[in-house]
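Reviewing the structure listed below.
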Amino acid sequence: MKYRFIPHYTEEEIKEIQIQGLKNTIKHAYNGSEFYKQRLKDAGITPEDIRSLDDLKYLPFTTADDLRENYPFPFLSVPQKDVVRIHSSSGTTGKRKVLAYTQNDIETWKNMMARCFELAGLNEEDRVQIAVGYGLWTAGVGFQLGCEHFGAMALPLGPGNLKMHLQFLLDLRPTCLCSTASMALLLAEEVQKLGLNPDEISLKKALFGAEPHTPKMRKRVEEILGLEHTFDIPGMTELYGPGTGLECMAHMGIHYWADIFILEIINPETLEPVSDGEIGEMVVTTLKKEASPLIRYRTRDLSRKIPGVCPCGLKMPRHDKILGRSDDMFIFRGVNIYPGTIAEVLEKFKEISSEYQIILTRKNGVDHMLLKVERSKGVSKDIDANLAKEISNALRKQLLVRVEVEIVDLGKLPRTFGKSKRVIDERED
Ligand code: AMP
Ligand code: ZN
């Protein structure tokens, strides 16, 4: 396969680019940013100490707290006159994260996104309906930049406004949708409600980012909209924005742009790298970022590297889908639980839809978990009691805690244009 945007590096070439990029980044950050200089000095490191990729492990970690403490220009390593844009992400607590970009950073990002469209098999004839947020967020502008650079037609609708999305689906016939999986589900269900069939719209592909989604959710959207392929697209504001990699058509993991950043997977407790293929926290070091370089930045996202070469032939390495964030974990009756683990258990029950909501309450000092799920289309209410019991048993087996399961009608759980909120914690501290 000949690509226009995706480079055909061998493993060796990638390694060489990484070593050079690591050296450059450390030198650049050390000389350009007081914060980094101090952090590296504290760790007893000067740029000359970096000689091989093995030296990565001596570098100090950086975190979202470092970003917030150095608000509003954390990690800034170039004079402010070279900054052409900023983006921001709300984060979950405290101050916003603000990230700066030079013109070269924008070029790199645009190229990363163009690679994604290329790997998804689009061409210049494609029309891309962009249904993610525009403005301060990286999402809208990232997809837009990449789409235009790639040469396809961007339809920059943003999220929300279902009526307009539907009108565009029918009139402008986009062939590719870029959205969260939640937004795609909302749109698909609206298409279904209106009784439209896939032939009346021309969508063939979709790129889902910003939140984890399950195979069930994907399948439902694919079926209703008649899609040929859907792709998981990861990304984060700190690392340019969306488009740090993409699934290829083999759908066996996400190829990430290893010539643009180094990915490490560490054990979040010991901070040591895990062995190849094991799950841990993703830690990223950028190789050519100018304005806000990242050195061993702890993303809090959990995933694993996928060893071996992908059947598609592309040598860019792969990581698994993002399985969740370490800060998504909640403690219930002393047990650490990730929503993703619950989603995995639910995946096996075809009688329920892809949607679920976890409600945590505390009565008389005792924690209680209520899990709401939706009955799939065509499934009779008569089996509710039995089904609830079966789901509860399966969860108990997996999580070792008791969960009350309530089955509601299809479409009763909240739908969203953005990222779905799966856990509602009403317990008081
Ligand atoms: P933001 O801070 O708004 O840039 O959001 C970045 C975060 O969104 C990441 O750190 C992930 O936790 C999450 N995220 C982004 N893309 C995906 C994806 N494809 N799958 C799962 N989570 C994602
Ligand atoms: Zn592949």
Side-chain angles (χ1 to χ4, degrees), residues 1 3 6 8 63-64 67-68 86-99 109 112-113 115-116 118-121 132-143 159 178-184 206-215 217-218 229-258 263 281-284 292 294 297-303 306-329 338-340 343 418-422:
M1 180 82 186
Y3 291 116
I6 303 169
H8 271 282
T63 64
L67 281 176
R68 293 202 183 90
I86 62 114
H87 279 291
S88 174
S89 149
S90 54
T92 39
T93 49
K95 289 212 175 89
R96 294 179 168 284
K97 298 184 249 178
V98 178
L99 278 299
W109 182 21
M112 282 160 62
M113 277 298 318
R115 289 180 186 185
C116 293
E118 184 166 54
L119 197 56
V132 292
Y134 278 80
L136 260 185
W137 325 120
T138 51
V141 70
F143 279 102
C178 301
S179 69
T180 61
S182 299
M183 166 75 192
L207 273 56
F208 296 150
E211 59 170 3
H213 61 271
T214 57
M217 202 167 174
R218 244 191 212 208
H229 284 281
T230 51
F231 304 90
D232 195 348
I233 180 162
M236 63 191 313
T237 312
E238 294 91 319
L239 195 49
Y240 301 94
T244 52
L246 192 87
E247 265 181 60
C248 63
M249 293 208 212
H251 301 291
M252 293 171 76
I254 293 163
H255 290 281
Y256 65 91
W257 312 128
L263 173 68
E281 179 179 335
M282 301 169 89
V283 170
V284 291
S292 317
L294 302 178
Y297 182 74
R298 293 188 58 183
T299 66
R300 307 282 165 188
D301 288 327
L302 303 169
S303 188
I306 300 180
V309 178
C310 183
C312 82
L314 186 63
K315 296 284 184 336
M316 283 286 174
R318 291 170 296 158
H319 66 72
D320 206 344
K321 64 182 179 182
I322 296 172
L323 304 161
R325 291 181 58 80
S326 56
D327 25 19
D328 284 347
M329 189 196 79
Y338 286 101
K419 307 191 192 202
S420 284
K421 186 169 164 54
R422 305 286 183 190

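For ligands, and for the atoms within them, numbers begin at 1 and follow the listed sequence. None of the values given here were measured: they were computed from a predicted structure.
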Is the shortest distance from a heavy atom of Lys321 to ligand 1 less than 4.0 Å? no
With the Zn ion (ligand 2) as the apex, the SG/SG angle for Cys312 and Cys248 - to 10°: 110°
Among Ser88, Gly235, Gly209, Ser89, the residue with a heavy atom nearest to atom 6 (C) of ligand 1 is Gly235
Between Ser89 and Thr237, is there a donor-acceptor pair closer than 3.5 Å when you use the side chain of the first and the backbone of the second? no
Given side chain to side chain contact (heavy atoms under 4.5 Å, CB included), test Val283 with Tyr297 step by step and report yes or no. CA-CA 5 Å; Val283 170; Tyr297 182 74; 5.9 Å; no
Side-chain touch Tyr338/Leu302, heavy atoms, less than 4.5 angstrom: yes
Considering non-hydrogen atoms only, spot the tightest contact between Lys419 and Glu211 and give its length. CA-OE1, 3.2 Å
Between Ser420 (side chain only) and Arg422 (backbone N and O only), is there a donor and an acceptor less than 3.5 Å apart? no
Is there a side-chain contact between Trp109 and Val141 in this structure, where contact means two heavy atoms from C-beta onward sitting under 4.5 Å apart? yes
Indicate yes or no: does an N/O atom of Ile322 lie under 3.5 Å from an N/O atom of ligand 1? no
Close N or O approach (Ala210, ligand 1; < 3.5 Å): yes
Under 6.0 Å between the ring centres of His251 and Phe231? yes
Just wondering, are more than 12 heavy atoms of other shown residues or ligands nearer than 6.0 Å to CE in Met252? no
Under 4.0 Å from a heavy atom of Lys419: give me the atoms of ligand 1 that qualify, with their elements. 3 (O), 5 (O), 7 (C), 8 (O)
Honestly, for Arg325 the part within reach of ligand 1 (heavy atoms, under 4.0 Å) is side chain
Go through ligand 1 atom by atom and flag the ones less than 4.0 Å from a non-hydrogen atom of Pro234. 16 (N), 19 (N)
Return a yes/no value for Glu238: is any of its N or O atoms, backbone included, closer than 3.5 angstrom to an N or O of ligand 1? no
Enumerate the atoms of ligand 1 whose separation from the nearest heavy atom of Met236 is less than 4.0 angstrom. 4 (O), 6 (C), 10 (O)
Flag, side chain of Thr299 to backbone of Met282, donor-acceptor distance under 3.5 Å: yes
Quick one: does Lys97 get an N or O within less than 3.5 Å of an N or O on ligand 1? no
Test of proximity, Thr138 against ligand 1: N or O pairs below 3.5 Å: no
Taking heavy atoms and a distance under 4.0 Å, where does Asp232 meet ligand 1: side chain, backbone, both or neither? side chain
